[in-house]
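Side-chain atoms are counted along with the backbone in the values below, which use heavy atoms only and exclude waters and symmetry mates. Residue numbers start from 1 in every chain, and the chains themselves are labelled A, B, ... in the order their sequence lines are given, proteins ahead of strands.
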Number of protein chains: 2
Amino acid sequence: MLRSCAVRLRTLRVLRDPPGVARPWRSFSSEEVTLEDQALPKPSWNKDIRFLFDQFMKKCEDGSWERLMSTKEDLISQARLFTRSFEDGMGFEYVMFYNEDEKRMVCLFQGGPYLQGAPGFAHGGSLAAMMDETFSKTAYLAGEGLFTLSLNLRFKNLIPVGSLAVLNVEVEKIEDQKIYISCTAQSRDQQTIYAKSSAVFLQLQLEEDSSL
Amino acid sequence: MLRSCAVRLRTLRVLRDPPGVARPWRSFSSEEVTLEDQALPKPSWNKDIRFLFDQFMKKCEDGSWERLMSTKEDLISQARLFTRSFEDGMGFEYVMFYNEDEKRMVCLFQGGPYLQGAPGFAHGGSLAAMMDETFSKTAYLAGEGLFTLSLNLRFKNLIPVGSLAVLNVEVEKIEDQKIYISCTAQSRDQQTIYAKSSAVFLQLQLEEDSSL
């Protein structure tokens with residue numbers, strides 16, 4: 001099944017670029033179909049996510065960090081990326097910034113009212129999903145990791161609906177075709193840790209790669 | 001923060017019933033506000049989830065199993081439960097059946113096209129969310145567990161969008177105010193294991209309980 005999935009990814013041209021240049025969500029922007037970038041400020045963003053967005057955009061100016069584009073649609077079907085499938089402001093609002101030299105990712109995540117678990121707070125599963133999505137982008141950029149093998153979360157505090165969680169992601173090591181990644185999710189002032197997590201991704205080598 | 005959440009849950013009357021009778025989502029059906037049960041067959045359900053739904057409904061006839069009602073809305077705000085926040089057939093379609101004697105839960109889960117991760121397959125985060133939701137219902141029914149302390153997943157195979165995953169959940173033990181739960185997610189024919197997971201929930205004792 002991993003192979004059939006990889007073949008479908010190939011169809012979407014996400015595996016054609018050499019390492020270090022490949023950006024699966026970036027390649028969409030050069031497609032004939034115009035897809036709207038969702039990782040930009042919207043009226044629904046609160047002041048915390050706007051403030052940090054501006055700060056990271058400044059860090060992007062010297063090229064050490066880069067903002068990752070993010071679209072909703074799958075080019076083949078009418079399916080949507082899970083974490084982009086809600087109306088503006090109701091579900092997952094987020095933007096990711098990547099530092100290639102340090103193999104670090106920061107995801108600014110504002111969970112909307114449709115992500116609720118306990119009344120007034122984001123569902124633990126929504127944070128798990130946001131972490132998995134952030135991990136998957138990090139794993140691909142840091143070492144062409146494609147598939148999540150494991151995902152472990154320890155929840156510390158609940159995230160109020162509508163407030164910002166900052167996900168700080170680091171690559172711990174790459175070994176035996178596996179990428180080990182960790183994450184801490186905390187409030188903007190760093191006084192509240194929401195959760196800590198780790199994941200292992202598999203690097204997939206395709207036999208057909210040599211033919212490209 | 002756990003306490004403030006518990007107080008809000010109390011407001012929703014989910015903590016008032018004695019153990020073994022309490023059904024947080026059930027209590028909604030007796031509210032003055034009419035909320036629609038979402039855990040019933042819909043046109044968007046495929047034949048696999050319909051077939052197993054009918055089988056479990058037969059098991060419910062002698063009282064050993066029970067189907068859990070499930071609504072979208074929060075009574076206080078216009079927020080929605082994360083796993084019920086999509087249009088019919090586009091996101092999480094599921095129904096849970098609980099066996100009180102065995103402390104076992106079965107969740108029939110059909111992931112729609114808005115849960116996509118890799119093209120054609122459900123996002124790992126959507127399965128994590130569905131497992132967390134199933135765990136949380138199990139923990140509450142089995143031992144008034146309210147808060148997820150940890151969630152660990154090992155992914156084995158990808159779930160095609162639109163196909164059924166059967167989540168078999170068991171309570172391993174209850175010890176030191178913690179509830180240990182495990183889950184295997186597999187295809188209807190049990191030939192494909194999608195993922196295995198475990199979680200630990202905290203039992204929350206409220207000081208105010210004695211006043212009820």
**Student:** Atom CG in Leu115(A), atom CZ in Arg80(B): separation rounded to 0.5 Å?
**Tutor:**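 Between Leu115(A) CG and Arg80(B) CZ, I get 12.0 Å after rounding to 0.5 Å.
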**Student:** Atom CG of Leu151(B) and atom CZ of Arg154(A): how far apart are they, to the nearest 0.5 Å?
**Tutor:** 12.5 Å
**Student:** With chain A as the partner chain, list the residues of residues 85-95 of chain B whose heavy atoms fall under 4.5 Å from it, by residue number, and write 'none' if nothing qualifies.
**Tutor:**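 Checking residues 85-95 of chain B against chain A gives Ser85(B), Phe86(B), Phe92(B).
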**Student:** From His123(A) NE2 over to Thr83(B) OG1, what is the distance, rounded to the nearest 0.5 angstrom?
**Tutor:** 5.0 Å
**Student:** Heavy-atom count check: over 12 atoms from other residues, nucleotides or ligands less than 6.0 Å from Asp189(B) CG?
**Tutor:**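 Yes, because the 6.0 Å sphere around CG of Asp189(B) holds more than 12 heavy atoms from other groups.
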**Student:** So, taking the atom named CG in Leu81(A) and the one named CD in Gln116(B), what distance separates them when rounded to the nearest 0.5 Å?
**Tutor:**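 Leu81(A) CG to Gln116(B) CD: 7.5 Å, rounded to 0.5 Å.
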**Student:** What are the two closest heavy atoms between Phe147(B) and Leu158(A), and how far apart are they?
**Tutor:** CE2-CD1, 3.7 Å
**Student:** Please report the interatomic distance CZ(Phe82(A)) to CG(Leu127(B)), rounded to the nearest 0.5 Å.
**Tutor:**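 That separation rounds to 10.0 Å.
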**Student:** Who passes side chain to side chain contact (heavy atoms under 4.5 Å, CB included) against Ser198(A), sequence neighbours left out?
**Tutor:**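 With neighbours one apart ignored, the set is Asn152(A).
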**Student:** Please determine, among Ser126(A), Ala128(A), Gly117(A), the option with the most heavy-atom pairs under 4.5 Å with chain B.
**Tutor:** Ser126(A)
